[in-house]
Amino acid sequence: MNSAPSDLDASRAAIGARELTADASNFITYEVAMHLPFESLGRFKTMLKQFFSAAPWTDADARSLSALVTPHVTKGWWQHELGDGMRIAHGIRDGAYVLWTSGAVATVKSIFERVFDGPVVPEPTPHPRKVKFTTGGVPEPGVWYRRTDGTPRDERAARLLSEGDVTDVMVAGDFVTIGLERSASWEERLDPLLGLVTRLFATGEPVTEAPRTREQMMREAGHVHLDVRPSELHLLDPDAPQERARLVEALNADDAKLRRVAVAILAESDDDEVRRKAVRRGAADDARIVRRAAIDAAADSEDEALRELFEAALDSDDAWIRWKAVRTLAELGVDASREAIARLEGDPDFQVRFEVARALRL
């Protein structure tokens, strides 16, 4: 790895900005941190946080990190793809521990420095994996389609989702927003998708019907309040008050599948209290599929305020939930929950015991 210092600074900051730090840290934890003594882990974690940020990283910092690692890790070299064009490599070189990052360091915004003079104009969004394509026309409410929800009735959205790396599409009256999976790069995909959006939305390629709004979908299907299908709940916005109310009401549905979807969507809210209430409610649900969805969503949030939820989950009769709880508590920081985790050292499930041993090693 021969990146110049400026390239290293740009790429390590880009990993943090693109929300890939957790993935990078997981690799480094399994390959290096597992071998460090307990008293060194706090310092190691602090240095990783500094490295994967826009904060300065000097030669002295690199030497300090190496001095922390090399007494306990004397060989090995690992390389990993993080997605979005980013990579890490780390290990022992010439007796020192080295951590490198590389990849496409340009942000999504940089690709919009070009001038677009066609009928469709791409624009950056706050989300690094989503781009908005302004198509013109009359502003109308958007309809969100996800690849996991099946084939959309809107043929244009279906055509976009047939692209292997497109995860979701929002079709509105005057714009289309497209999301890419992490392994894809907008620098490579912008031009092809711009051409496809132009053909579908600006040149009048025929479709069977225009996209419907969420309200239309509800009315046409005769669904009111809890009388909805899980696929329709997926379209609701947890931060829109009326739609959030529907999701909260769905937490009381007789159908466990509805409750599971409601928990998962509410857990995506930007409002911390909404998210926390949803996962706590789901974790106490009678149905295992709902409890699992709640614990999984809570784990994704990396929210220290939910630590007590994971500690309570250690007593679950579901081995998967116990395993997930141990793993998440380890990621939040073992110290505060070490005694609770240690109670599962003799768990009947092998994966739980293995995760407990790994956590206590941290």
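All values derive from a computational prediction rather than experimental measurement.
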Could you tell me whether the side chain of R275 and the main chain of D270 form a donor-acceptor pair under 3.5 Å?
-> no
Taking only Lys NZ, Arg NE, NH1 and NH2, and the carboxylate oxygens of Asp or Glu, determine whether E243 and R246 approach each other closer than 4.0 Å.
-> no
Got more than 12 heavy atoms from elsewhere within 6.0 Å of CZ, R288?
-> no
Please determine if R43 and E39 form a salt bridge, counting it only when a charged side-chain N lies under 4.0 Å from a carboxylate O.
-> no
Hey, is R259 close enough to D254 for a salt bridge, meaning N to O under 4.0 Å?
-> no
Test: R147 and E163 ion pair at under 4.0 Å = no
Between R244 and D237, is there a salt bridge with N-O shorter than 4.0 Å?
-> no
Salt bridge between D255 and K257, side-chain N to carboxylate O under 4.0 Å?
-> no
In chain order, what residues pass the salt bridge (Lys or Arg N to Asp or Glu O under 4.0 Å) check against K132, with sequence neighbours excluded?
-> none
Might you point out which heavy atoms bring A294 and V279 nearest each other, and give the distance in Å?
-> CB-O, 3.5 Å
Those residues that, when tested against D318, pass salt bridge (Lys or Arg N to Asp or Glu O under 4.0 Å) (two or more places apart) | R292
Calculate, to the nearest 0.5 Å, the distance between atoms CG and CZ belonging to L194 and R189 respectively.
-> 12.0 Å
To the nearest 0.5 Å, atom CD of E355 lies from atom NZ of K324 at 9.5 Å
L314 versus R322: any side-chain heavy-atom pair under 4.5 Å?
-> no
Parallel, tilted or perpendicular: rings of W186 and F133 (30°, 60°) = tilted
NZ/NE/NH1/NH2 to OD/OE distance under 4.0 Å, D303 and R276 | yes
When the ring planes of H80 and F27 are compared, do they come out parallel, tilted or perpendicular, using 30° and 60° as the limits?
-> parallel
Go through the structure and list residues passing salt bridge (Lys or Arg N to Asp or Glu O under 4.0 Å) with R93, not counting sequence neighbours.
-> none
